[in-house]
Amino acid sequence: MRKKKIWFSLLVSIAVLIMSACSSNGTSGTETKDGKTVLRFATWDTGESLKIQQDIAKEFEKENKDVKVQVEAYADGFDQKIAASFGAKNPPDVMYMWDFTTYSQSLEPLDSYIEKDTDINMDDFYEGLFNYSKVDDKLYGMPAGFSTMVVYYNKKLFDQYKIPYPQAGWTWDEFKGIAKNLTDKSKKQYGFSVTSEPDTYDLQGLVWSNGGSFISDDGKEIKGFINSTETVESIQLYGDMVKEGSAILTGGKNQQSASDIFKSGKLGMLVSGVWPIQGFKDAKVDFGTVMMPAFGSKPVKGLISSSSISIAKDSKQKELAWKFVKYFSSEKAINMRTADLPVRKSVVEKNKVMENSLYEPFYTMLENATNSPAFLLNKNWNEINRNLSAAINAVMVGQDGKPLFDKVVNESEKYLTKD
């Protein structure tokens, strides 16, 4: 699953200009030599995840013998190639998607297909996932995979320091106390890790849980949101832990990744999605996961990193494309996608996913994921986000957040209504 990187979509407009004249790897609606209709499917995945998608395509072909699914693996060049294909009016019929604000004008709304399709049970999908693929109340993508953010903890270190394992309902005050107790700088051991240049997207759950937000629900205001006491306090929490020495900065230039330090046994806790689980298992780390802490009695809010599957507005075979999207969202296909957390309740129940203590917190956080991320609320969010990102990076290295966030508001309000 692809983790969201909001800044990446800044390249889209450049990619359209540079590459729109380029031809894609195929043409929708063409036929193979043996008369099969070609359906193009673009993905950003590589490795094992790509193989799984290719296997799903083969299974779809078995049930639709007159169709050849052409899987186009764009890898790290996904955004540029998708943007170019839209610009050239020759996009893949079906594609993985996440940045719906940028691409919605080039995508086919799925509402009418769902309304007339009596076979698909929309209630079987976790409702919160649809908040991430809607623009102006129109649905542009069916859920493919997701992750929420949880806390990973090193059981061996907790046992060594005789600290009880964290439980759902714990607080940030408890978290900070544990991090301090697990820190021993003489051993280059720390209680927590803070990304030196964090993706602002990933911090929204933290902010929401403290009652803050980067932007108003209608997407029209940032004053009193980005620079609110609640927002500043939640971001400052991470920066203060670094300043106090109970957290280490990771992921920047000449810095190890949090995952590598965790694997080495020198990190007590880290916040992440589902992505590092298999790597930690392979490294034989004795670890657990738990839902995010609360700010006192305030409800914990979840943040989703999601991937969806969408249909191009310029596809010449939309009914066939919908048939593939529907198949990709079926229980059979979801069971094949072992690299993703299942997006259907029936699959979670049949596979007893919630009985696995490592995966249960991801679904608890999913149930709490009711907020819409900032980039879906204002089409100019990327311009605001540049200023916000710089301010947050400064907080992570010890600066005071309030004047920085006030400056973000002053320099960014002009973008809210920019055409």
Side-chain angles (χ1 to χ4, degrees), residues 1-2 32 36-73 92-98 108 110-111 113-130 132-133 139-147 274-275 277-278 304-312 315 317-356 358-360 362-363 366:
M1 182 193 307
R2 179 187 175 96
T32 63
K36 293 184 179 182
T37 300
V38 176
L39 183 78
R40 294 171 57 202
F41 166 46
T43 176
W44 54 60
D45 277 321
T46 59
E48 183 60 29
S49 295
L50 173 60
K51 184 180 182 304
I52 290 170
Q53 290 163 21
Q54 291 169 332
D55 289 343
I56 292 173
K58 291 175 184 176
E59 290 299 313
F60 180 79
E61 290 171 348
K62 288 179 183 177
E63 298 185 19
N64 300 270
K65 298 188 182 301
D66 58 341
V67 177
K68 170 63 180 176
V69 179
Q70 180 174 297
V71 180
E72 300 177 7
D93 300 286
V94 180
M95 69 218 66
Y96 258 42
M97 184 52 59
W98 66 273
E108 178 78 0
L110 301 181
D111 306 86
Y113 296 87
I114 293 167
E115 288 171 6
K116 65 184 180 183
D117 196 321
T118 58
D119 294 334
I120 191 164
N121 179 11
M122 295 297 285
D123 291 335
D124 194 31
F125 295 89
Y126 290 93
E127 184 177 358
L129 296 174
F130 294 109
Y132 289 69
S133 54
L139 184 67
Y140 290 96
M142 286 294 292
F146 83 95
S147 182
V274 71
W275 314 288
I277 276 190
Q278 190 57 51
I304 301 172
S305 290
S306 68
S307 56
S308 300
I309 185 166
S310 300
I311 298 173
S315 171
Q317 43 199 14
K318 293 175 185 174
E319 291 297 333
L320 177 58
W322 167 249
K323 192 173 184 179
F324 182 75
V325 167
K326 181 180 171 183
Y327 186 83
F328 208 86
S329 302
S330 67
E331 289 189 28
K332 180 178 180 179
I334 289 171
N335 276 316
M336 292 176 68
R337 295 205 306 274
T338 53
D340 289 325
L341 290 172
V343 297
R344 295 187 77 135
K345 300 172 187 176
S346 56
V347 176
V348 169
E349 183 177 354
K350 289 176 183 177
N351 294 346
K352 299 181 179 180
V353 177
M354 294 292 281
E355 295 180 20
N356 187 319
L358 286 179
Y359 295 101
E360 185 273 336
F362 292 98
Y363 285 92
L366 176 61

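Along the sequence shown, the residues carry numbers beginning at 1.
- Remark: Lys58 is not positioned above the aromatic ring of Phe60, lacking an NZ or CZ atom under 6.0 angstrom from the ring centre and at most 45 degrees off the axis.
- Between the Ser306 side chain and the Leu129 main chain, no donor and acceptor come within less than 3.5 Å of each other.
- When all heavy atoms are compared, the tightest approach of Gly141 to Ser133 is O-OG, 3.0 Å.
- Annotation: side chain of Arg344 is in contact with side chain of Asn121 (closest heavy-atom distance under 4.5 Å).
- Of the possible polar contacts, none joining the Glu331 side chain to the Val347 backbone as a donor-acceptor pair under 3.5 Å is found.
- Side-chain N or O atoms of Asn356 include one that pairs as donor or acceptor with a backbone N or O of Leu358 at under 3.5 Å.
- Without hydrogens or angle criteria, Asp124 side chain to Ser346 main chain gives a donor-acceptor distance under 3.5 Å.
- When all heavy atoms are compared, the tightest approach of Lys318 to Ala312 is CE-O, 4.0 Å.
- In Lys345, the NZ atom is crowded: over 12 heavy atoms of neighbouring residues, nucleotides or ligands sit closer than 6.0 Å.
- Aromatic ring centres of Tyr132 and Phe146 lie farther apart than the 6.0 Å criterion allows.
- Glu63 and Lys326 are not joined by a salt bridge, as no carboxylate oxygen comes within less than 4.0 angstrom of a charged side-chain nitrogen.
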Side chain to side chain contact (heavy atoms under 4.5 Å, CB included) between Ile309 and Phe324, worked out: CA-CA 10 Å; Ile309 185 166; Phe324 182 75; 4.0 Å; yes
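- Lys62 and Lys65 make their closest contact through O-NZ, 3.1 Å (heavy atoms, listed as atom of the first residue, atom of the second, distance).
- Applying the 6.0 Å contact sphere to CD of Glu127 captures no more than 12 heavy atoms from other residues, nucleotides or ligands.
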Assess whether side chain to side chain donor-acceptor pair (under 3.5 Å) is satisfied between Ser315 and Glu108, documenting all intermediate values. CA-CA 9 Å; Ser315 171; Glu108 178 78 0; over 6 Å; no
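- Not a single donor-acceptor pair under 3.5 Å links the side chain of Arg337 to the backbone N or O of Ile56.
- Residues Trp322 and Met142 meet the side-chain proximity criterion, which asks for heavy atoms closer than 4.5 Å.
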